[in-house]
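Report on one structure; see the data block that follows.
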Amino acid sequence: MKYINIPRDLPSVHKLLKDENVEGLVKNYGVLLVTRSAQKILERTRRLLLEGEPTSFEAVIKILKDEIGRTVQSSLEPVINLTGTVLHTNLGRATLPETAIKAITEIARGACNLEFDLDTGKRGDRFKHCETLLCQLTGAKSVLVVNNNAAAVLLTLNTLANRKEVPVSRGELIEIGGAFRMPEIMAKAGCKLIEIGTTNRTHSEDFEMAINSKTALLMKVHTSNFEVKGFTKSVSTEELSKIAQSHNLPLVTDLGSGSLIDLQKFQLPYEMTVTDALKVGADLVTFSGDKLLGGPQAGIIAGRKDLIEKIKKNPLARAMRPDKITLAALHAVLKLYSNPASLKQELPTLRWLTRDLVEIETMANSLVDIMQERCPGFTTTVVPVLSQIGSGSLPIDRLQSFALRIASDKQKKSNMGVNKLAKAFRNLPTPVIGRVAENALLFDLRCLIDQQNFEKNLESLKIS
Ligand SMILES: *Cc1c(COP(=O)(O)O)cnc(C)c1O
């Protein structure tokens, strides 16, 4: 192997492309991609040479191969979520049921009647596909599906309250992850936020006093990710609805998660359902498709027909419309809700939220020895933990669960810290994501399904 010590001795792009190792790359990935990668690599190598780091022709070829490998590899890949947060926004929120995956594949494969009426042979309405089921499941007179709940809120406010005032309780001016801040959304929607009451206490009279001829609607926001405790008072949807009605204003409720079923039936904490919110007087409700509903990313606006019609006519609606894949998946998920008896089995989100504690513990016990063996220098034990629902659903409530706790073992002198261990798990063929707490790595097993594949995956764990 001949060392290259100065930039002048580096091969040209042309020469690299002629190399027999690179010809294969050109054949597979095209001359353009390989040329660009080669230019980038040569530039980087030149800088390193100037810093006094020698290289070789063979080394340059290898770096080029690796670089192209990384470029063409999808950066979006499946992971195993053992964080203990069931609806983890950073890990893609809800996992879709098999029926939805099947529906996606069928629709993605070819043409479909997305906006085509098979009866008349004329142009159809894309929103029809989920409308009937959504109306039935929520009791709403009409619905509109958009890309996500942030879009649902923005579109609703822009349609009904542009250049007008919207009073919202100070205690509900939320920020949720990913820079969704209610006051900012309202500003972008073109409406003027009127802050009502104080952070901890808002009364009916506060709303009464704020209403004037410029008021467009009243709004209630579900405080998804926090709870105000102590000396507090908020105005319920029911009370707010009475005030709205007496002033002939619509009441819009941003439910955030918006469950379609009463979770108490599954021994879970109560979360206001869409049906309940409409029943107690909300004129429109907005909620997410990929939170408690357990479906694809989507935002749903449900409620009064006249208001939904107005929203549909807003030109912004076109910019927020869902694609056929989303609609196919959403429909398949909604269909599962029409059969409540099998819902818990069929819908992964609900299956995991209601998972039997003994089942989780049994799985933990059957994995502890394998994990101990795979992580020399650490001590693995089974510990009780509390899972979170996540995505701003039921922020306070926790679910009892079991985890594998992998702690560094001082006596055994592990030369690897817990953070490095966590990284090793993230480097697995299917990355495993846990959480680090009190100098240990915790794997909450609530969302683990395929134990066999999990064990196989662990065989590639590299601990040094
Ligand atoms: C999650 C949430 C949103 C945003 O929903 P996305 O589907 O993430 O766009 C808006 N409002 C509330 C109250 C939420 O909890």
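Both counts, for ligands and for their atoms, begin at 1 and track the order of listing. Being a predicted model, the structure only gives us computed values, none of them experimental.
Counting atoms of ligand 1 from 1 in the listed order, those under 4.0 Å from a heavy atom of G256 are 12 (C), 13 (C), 14 (C), 15 (O). Within ligand 1, counting atoms from 1 as listed, the ones closer than 4.0 Å to a heavy atom of S288 are 5 (O), 6 (P), 7 (O). Taking every heavy atom of H222 and a limit of under 4.0 angstrom, the matching atoms of ligand 1 come to 13 (C).
Contacts of M182 with ligand 1, taken as heavy-atom pairs under 4.0 Å, are absent altogether. Contacts with ligand 1 closer than 4.0 Å are made by side-chain heavy atoms of K291 only, the backbone lying farther away.
Under the 4.0 Å criterion applied to side-chain N and carboxylate O atoms, E98 and K102 are not assigned as salt-bridge partners. A salt bridge links E115 and R321; the closest N-O separation between the charged side-chain nitrogens and carboxylate oxygens is under 4.0 Å. We find that E77 and R426 are not joined by a salt bridge, their nearest charged nitrogen and carboxylate oxygen being 4.0 Å or further apart. For the pair E271 and K291, the salt-bridge criterion is not met [side-chain N within less than 4.0 Å of a carboxylate O].
Considering both main-chain and side-chain atoms, D254 comes within under 3.5 Å of ligand 1 through a nitrogen or oxygen pair. Considering backbone and side-chain N/O atoms, A150 comes within less than 3.5 Å of an N/O atom of ligand 1. Here's the thing with R93: one of its N/O atoms is less than 3.5 angstrom from an N/O atom of ligand 1.
Taking OG of S259 as the start and CG of L292 as the end, the distance is 5.5 Å to the nearest 0.5 Å.
Listed for the N149 side chain is a donor-acceptor partner under 3.5 Å among the backbone atoms of F287.
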